[in-house]
Amino acid sequence: MTLHDERAEAHRFLLASGPPLAALAAEQGPIDPYNWDGIRVAGGDPLGGLVLHIVSQQLSVAVALQMYARVEKIVGGAITAAGLAATTEDALREQGLARAKGRALVELGQRIAAGEVDLAAIARLDDAAAGAALLDLRGVGPWSAQVFLMHELHRPDVFPAGDVGLRAALAELEGRATSCTVAELEERAVRWRPYRSYAAGQLWTWRAAQAGRRG
């Protein structure tokens with residue numbers, strides 16, 4: 001199935017999924033869940049994308065992109081395993097990166113350079129196995145692994161239920177005063193299989209539009 005066909009099929013599926021996603025899909029039209037706030041993450045480079053997802057943890061998009069640019073600069077202008085392995089935690093810390101994230105990036109570069117980690121091989125695994133392999137990396141938790149599967153590997157049925165934005169978006173759509181719990185969001189997302197990535201994209205797109213209207 002081509003990406004165009006997948007997007008059309010996912011849209012038809014969500015239109016028939018019942019509230020609140022059906023109305024949201026009708027209002028917003030087909031979306032590309034593999035974009036991150038309107039950008040293709042790190043130009044489609046898996047290593048660059050993984051670095052960006054590690055860097056972006058608990059940061060706004062704008063700040064995450066600034067930090068990513070600093071990492072690019074310190075490793076020589078392009079994210080490579082050799083460049084990450086050759087830098088130091090202290091050097092990354094001096095650029096404002098949290099020490100734990102710096103340690104994760106240096107170790108990631110070292111493990112890839114040593115042949116212990118192969119992102120191309122991970123890309124060939126199914127969702128569960130790929131997610132497990134990513135979780136074995138320092139600094140990669142469930143959210144980072146899931147958004148990597150979505151944005152870099154373009155998997156259509158991934159739902160990062162721990163994402164604060166998704167929890168807040170669904171709660172607002174349902175008229176709730178407080179965010180959904182992770183468990184509640186996971187339960188609701190079952191009905192959106194096998195296109196949970198597209199459901200997440202609809203919710204993120206709607207929340208971003210709401211924030212824009214509020215100014």
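Heads up: numbering here begins at 1 and tracks the sequence. Treat the numbers as computed from the prediction; the structure is a model and nothing was measured.
Counting all heavy atoms, side chain and backbone alike, Ala171 lies closest to Thr178 at CB-O, 3.2 Å. Shortest non-hydrogen contact noted between Ala25 and Leu14 is CB-CB, 4.1 Å. Closest of all the heavy-atom pairs between Arg155 and Ile122 is NH2-O, 4.3 Å. In this structure, Ser179 and Ala168 approach most closely via the heavy-atom pair OG-CA, 3.6 Å. When all heavy atoms of Ala145 and Leu135 are compared, the closest pair comes out as CB-CD2, 4.2 Å. Nearest heavy-atom pair, Asp45 versus Glu152, reported as atom, atom and distance to 0.1 Å: O-OE1, 3.6 Å.
Residues satisfying the side chain to side chain contact (heavy atoms under 4.5 Å, CB included) test with Ala129, not counting sequence neighbours, are Leu125, Asp126. Qualifying ring-ring contact (aromatic ring centres under 6.0 Å, His included) partners for Phe148, counting only residues two or more places apart in sequence or in other chains: none. Remark: Glu9 pairs with Arg12 by the salt bridge (charged side-chain N to carboxylate O under 4.0 Å, His left out) rule, at least two apart or across chains. Scored by the salt bridge (charged side-chain N to carboxylate O under 4.0 Å, His left out) test, Glu6 finds no partners at all (sequence neighbours excluded). For Ala169, the side chain to side chain contact (heavy atoms under 4.5 Å, CB included) partners are Leu203, Trp206, Arg207, not counting sequence neighbours. Shown here are the salt bridge (charged side-chain N to carboxylate O under 4.0 Å, His left out) partners of Glu186, two or more places apart in sequence or in another chain: there are none. Annotation: ring-ring contact (aromatic ring centres under 6.0 Å, His included) contacts of Trp204 (sequence neighbours excluded): none. With sequence neighbours left out, the salt bridge (charged side-chain N to carboxylate O under 4.0 Å, His left out) criterion links Arg176 to Glu184. Evaluation of the side chain to side chain contact (heavy atoms under 4.5 Å, CB included) rule for Thr80 yields Ala82 as partners, not counting sequence neighbours.
Using a 4.5 Å cut-off between side-chain heavy atoms of Ile, Leu, Val, Met, Phe, Trp and Tyr, with links allowed through other members, Val182 and Trp143 fall into different hydrophobic clusters. Hydrophobic clustering, with ILVMFWY side chains joined whenever heavy atoms are under 4.5 angstrom apart, keeps Leu15 apart from Leu24. Tracing side-chain contacts under 4.5 Å through hydrophobic residues (I, L, V, M, F, W, Y), one reaches Leu166 starting from Leu173; they form part of the same cluster.
Panel note: side chain Ser197, backbone Met150; no donor-acceptor pair is recorded below 3.5 Å. Of the possible donor and acceptor atoms, one in the side chain of Gln28 sits under 3.5 Å from a partner among the backbone N and O of Gln202. Side-chain atoms of Asp157 come within 3.5 Å of backbone atoms of Arg196 as a donor-acceptor pair (strictly under, hydrogens ignored). The main-chain N or O of Gly139 is found under 3.5 Å from a side-chain atom of Gln57 such that the two form a donor-acceptor pair.
Distance CG/Leu170 to CG/Leu21: 8.0 Å, rounded to 0.5 Å. Between Thr181 atom OG1 and Glu187 atom CD the span is 8.5 Å, to the nearest 0.5 Å. Atom-to-atom distance recorded for Leu153:CG and Arg124:CZ is 11.5 Å, nearest 0.5 angstrom. Note: Leu52 CG to Ile79 CD1 = 9.0 Å, rounded to the nearest 0.5 Å.
At least one side-chain heavy atom of Pro194 sits less than 4.5 Å from a side-chain heavy atom of Phe13. Tyr195 places none of its side-chain heavy atoms less than 4.5 Å from the side chain of His11. Taking the side chain as every heavy atom from C-beta outward, Asp163 and Arg167 never approach each other to under 4.5 Å. Side-chain contact check for Leu149 versus Leu134: some heavy-atom pair is nearer than 4.5 Å. Looking only at side-chain heavy atoms (C-beta outward), Leu105 and Val55 come within less than 4.5 Å of each other. Using a 4.5 Å cut-off on side-chain heavy atoms (C-beta onward), Val117 and Gln110 make no contact. For the pair Val147 and Val158, the minimum side-chain heavy-atom distance is 4.5 Å or more.
For Tyr34 and His154, the distance between ring centers is under 6.0 angstrom.
Applying the salt bridge (Lys or Arg N to Asp or Glu O under 4.0 Å) test to residues at least two apart or on different chains, none of the pairs has a partner in residues 55-77. Here salt bridge (Lys or Arg N to Asp or Glu O under 4.0 Å) pairs that include residues 106-121, with residues two or more places apart or in two chains, are Glu107-Arg138, Arg111-Glu116, Arg111-Asp136.
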Can I get a per-line list of side-chain donor-acceptor pairs under 3.5 Å for residues 84-98, giving both atom names and the distance, sequence neighbours left out?
{"unit_1": "Thr88", "atom_1": "OG1", "unit_2": "Ala91", "atom_2": "N", "d": "3.0"}
{"unit_1": "Asp90", "atom_1": "OD1", "unit_2": "Arg99", "atom_2": "NH1", "d": "3.2"}

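Taking the six-membered ring where tryptophan is involved, the planes of Phe159 and Trp192 are tilted, since the angle between them lies from 30° to 60°.
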